[in-house]
Structure formats: C-alpha cells, structure tokens
Amino acid sequence: MFMTRSTSITAIRLTKIALITAVVVVLGFLPPIPLGFIPVPIVLQNLGVMLAGVILGAKDGTISILLLFLIGIILPAFSGANTQGVLVGPTAGYVIAWLFVPALIALGLAKLPKQNVTFQFVVIWLFGVLFIDAFGAIYLAVYSHMPILKSLLANLAFIPGDTLKAIITLIVANRLTKLK
C-alpha cells in the first residue's frame with residue numbers, strides 16, 4: 001500500500017510522459033494548414049515533440065512519442081485525424097523523424113552550458129526543425145517520386161513557422177524549469 005521512493009519516481013516520470021503525450025495529442029486537434037504546392041500541411045504537433053525532448057529528456061521523451069504512435073493507431077491523435085495517411089502517406093517521414101527528435105535534442109542539450117539560451121535554441125532548431133524537415137523532405141521525395149532538391153526547396157516554406165515553434169519551445173521549457 002505504501003509507495004517506496006522508486007515507485008514514486010516512476011509514478012512522477014509516467015505522469016510527465018503522459019502529460020507531454022497529451023499535449024502533443026491536443027496540438028493535433030488544431031487543424032492542419034494545407035500549403036497547396038506540397039502534400040504536407042503545417043501542423044503544431046512538432047512543437048510538442050520538441051517539448052518532449054527538452055522537458056522529458058532522451059529516454060522519456062522518446063517513450064512519450066512512442067505512446068503517441070500507439071494512441072494514434074487506436075484513436076485519431078494526429079492533425080487531420082487520418083492516422084493511416086499520416087503514418088504511411090506523404091507525411092510519414094516527418095512523423096517518423098519525431099521518434100528521434102526527443103533523444104537528439106536531449107543529448108544535444110546535455111552537452112551545453114545550462115545558461116546559454118542561444119545554444120539551447122540552436123540545438124532545438126537543428127533537431128526540432130532542420131532534422132524533421134530534411135528527413136520528411138527526403139521521404140516525401142522518395143514517396144512521391146519527386147526530385148530531392150525540389151522536395152527540399154518546397155520544405156523551406158516550413159522553416160519560418162517551425163522556427164517560431166522552436167522559440168516557443170525554448171520559452172515554455174525555460175519557464176517550466178524556473179518553476180521546479
């Protein structure tokens with residue numbers, strides 16, 4: 001009946017994982033914004049994926065995204081609510097990249113001084129924006145038989161919005177860190 005210290009730590013970790021997963025799911029309720037010239041819309045869920053890496057770290061952040069995938073198989077948890085299309089259609093490369101982002105961000109941030117906000121932003125941007133967009137563009141090129149350069153150039157449209165998401169991620173994470 002009594003919780004031991006290790007049990008309570010596990011309960012706290014599981015709660016944080018569930019909360020971040022819920023944030024990513026809720027961000028999926030916001031409708032995707034189609035661009036028209038590329039079959040991949042603008043979504044806000046990758047903001048939650050970046051938060052998973054910054055707040056939860058490599059292991060728990062990756063578990064959170066895996067949990068999102070499991071939920072997404074059963075319930076509509078992705079933007080646009082079309083799980084099959086998201087996981088096997090033109091957007092699959094972006095979503096697959098999400099699985100690696102929490103670990104990449106967490107490992108990158110672990111190498112930096114905690115107070116350097118500029119370097120923190122660079123790490124979040126490199127893995128939460130550039131990595132996702134490049135991975136997704138390469139997958140999209142293969143999926144749609146589009147030249148890779150054309151796909152990469154079309155993905156430049158995502159960079160400003162995704163950069164804003166990286167800034168929001170940094171602000172939210174730093175505010176939450178101050179609350180600890």
Side-chain angles (χ1 to χ4, degrees), residues 11-106 121 124-125 127-137 139-140 143-144 151 154-177 179:
I12 291 169
R13 282 182 57 209
L14 290 174
T15 302
K16 288 180 180 180
I17 290 167
L19 280 171
I20 293 295
T21 304
V23 166
V24 180
V25 170
V26 168
L27 288 170
F29 289 141
L30 299 168
I33 303 166
L35 294 177
F37 60 89
I38 187 171
V40 178
I42 295 172
V43 298
L44 288 178
Q45 282 187 296
N46 51 350
L47 187 149
V49 173
M50 290 184 245
L51 280 172
V54 177
I55 294 172
L56 298 177
K59 183 179 177 182
D60 291 350
T62 303
I63 291 169
S64 176
I65 302 308
L66 280 171
L67 181 58
L68 170 72
F69 289 0
L70 290 173
I71 292 169
I73 291 170
I74 300 166
L75 302 168
F78 297 102
S79 288
N82 180 2
T83 299
Q84 271 190 320
V86 169
L87 295 177
V88 295
T91 60
Y94 302 91
V95 176
I96 292 167
W98 290 358
L99 189 57
F100 302 100
V101 169
L104 292 170
I105 287 176
F121 171 75
I124 294 167
W125 188 85
F127 298 118
V129 176
L130 194 60
F131 174 76
I132 291 173
D133 289 347
F135 195 96
Y139 178 89
L140 177 63
Y143 176 85
S144 62
S151 180
N155 272 269
L156 289 175
F158 295 119
I159 298 295
D162 288 347
T163 299
L164 182 59
K165 294 175 210 172
I167 292 168
I168 292 168
T169 299
L170 182 62
I171 291 168
V172 169
N174 282 330
R175 295 288 169 109
L176 288 175
T177 306
L179 294 176

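With values rounded to the nearest 0.5 angstrom, Ile71 atom CD1 is found 6.0 Å from Thr21 atom OG1. In this structure, CG in Leu164 is found 9.5 Å from CG in Leu44, a value given to the nearest 0.5 Å. With rounding to the nearest 0.5 Å, the separation of CD1 in Ile65 from CD1 in Ile17 is 10.5 Å.
Partners of Ile171 according to the side-chain contact (heavy atoms from CB on, under 4.5 Å) rule, which considers only residues two or more places apart in sequence or in another chain, are Ile167, Arg175. Annotation: side-chain contact (heavy atoms from CB on, under 4.5 Å) contacts of Ala103 (sequence neighbours excluded): Ala58, Thr62. Residues that satisfy the side-chain contact (heavy atoms from CB on, under 4.5 Å) test with Leu19, not counting sequence neighbours, are Thr15.
Remark: the backbone N or O of Val24 is paired with a side-chain donor or acceptor of Gln45 at under 3.5 angstrom. Of the possible polar contacts, none joining the Ser64 side chain to the Asp60 backbone as a donor-acceptor pair under 3.5 Å is found.
Screening Asn174, Ile168, Leu170, Thr169 for a side-chain contact (heavy atoms from CB on, under 4.5 Å) involving Val172 leaves a single residue, Ile168. Considering Val101, Leu104, Ile105 as possible partners of Ile124, the one that fulfils the side-chain contact (heavy atoms from CB on, under 4.5 Å) test is Ile105.
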| request: Step by step, work out the side chain to side chain contact (heavy atoms under 4.5 Å, CB included) result for Asn155 and Tyr94. | output: CA-CA 11 Å; Asn155 272 269; Tyr94 302 91; 2.5 Å; yes

| task | Report the C-alpha separation of Phe158 and Val43 in whole Å, then their side-chain angles, then the decisive distance to 0.1 Å, and conclude whether the side chain to side chain contact (heavy atoms under 4.5 Å, CB included) test is met. | result | CA-CA 10 Å; Phe158 295 119; Val43 298; over 6 Å; no

Donor-acceptor pairs are to be reported for all side-chain atoms of residues 46-54 against protein atoms at under 3.5 Å, with residues two or more places apart or in another chain.
residue: Asn46; atom: OD1; partner: Lys165; partner atom: NZ; Å: 3.0
residue: Asn46; atom: ND2; partner: Asp162; partner atom: OD1; Å: 3.3

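Under the 4.5 Å side-chain criterion, counting only non-hydrogen atoms from C-beta, Tyr143 is not in contact with Thr91.
Across every non-hydrogen atom of Ala97 and Ile132, the tightest pair is CB-CA, 4.0 Å.
Among pairs with a residue in residues 65-77, none fulfils side-chain hydrogen bond (donor to acceptor under 3.5 Å, both in side chains), at least two apart in sequence or across chains. The side-chain hydrogen bond (donor to acceptor under 3.5 Å, both in side chains) pairs that include a residue from residues 97-106 number zero, where partners must be two or more places apart or lie in different chains.
Between Phe135 and Phe100, the two ring planes are tilted [angle within 30° to 60°].
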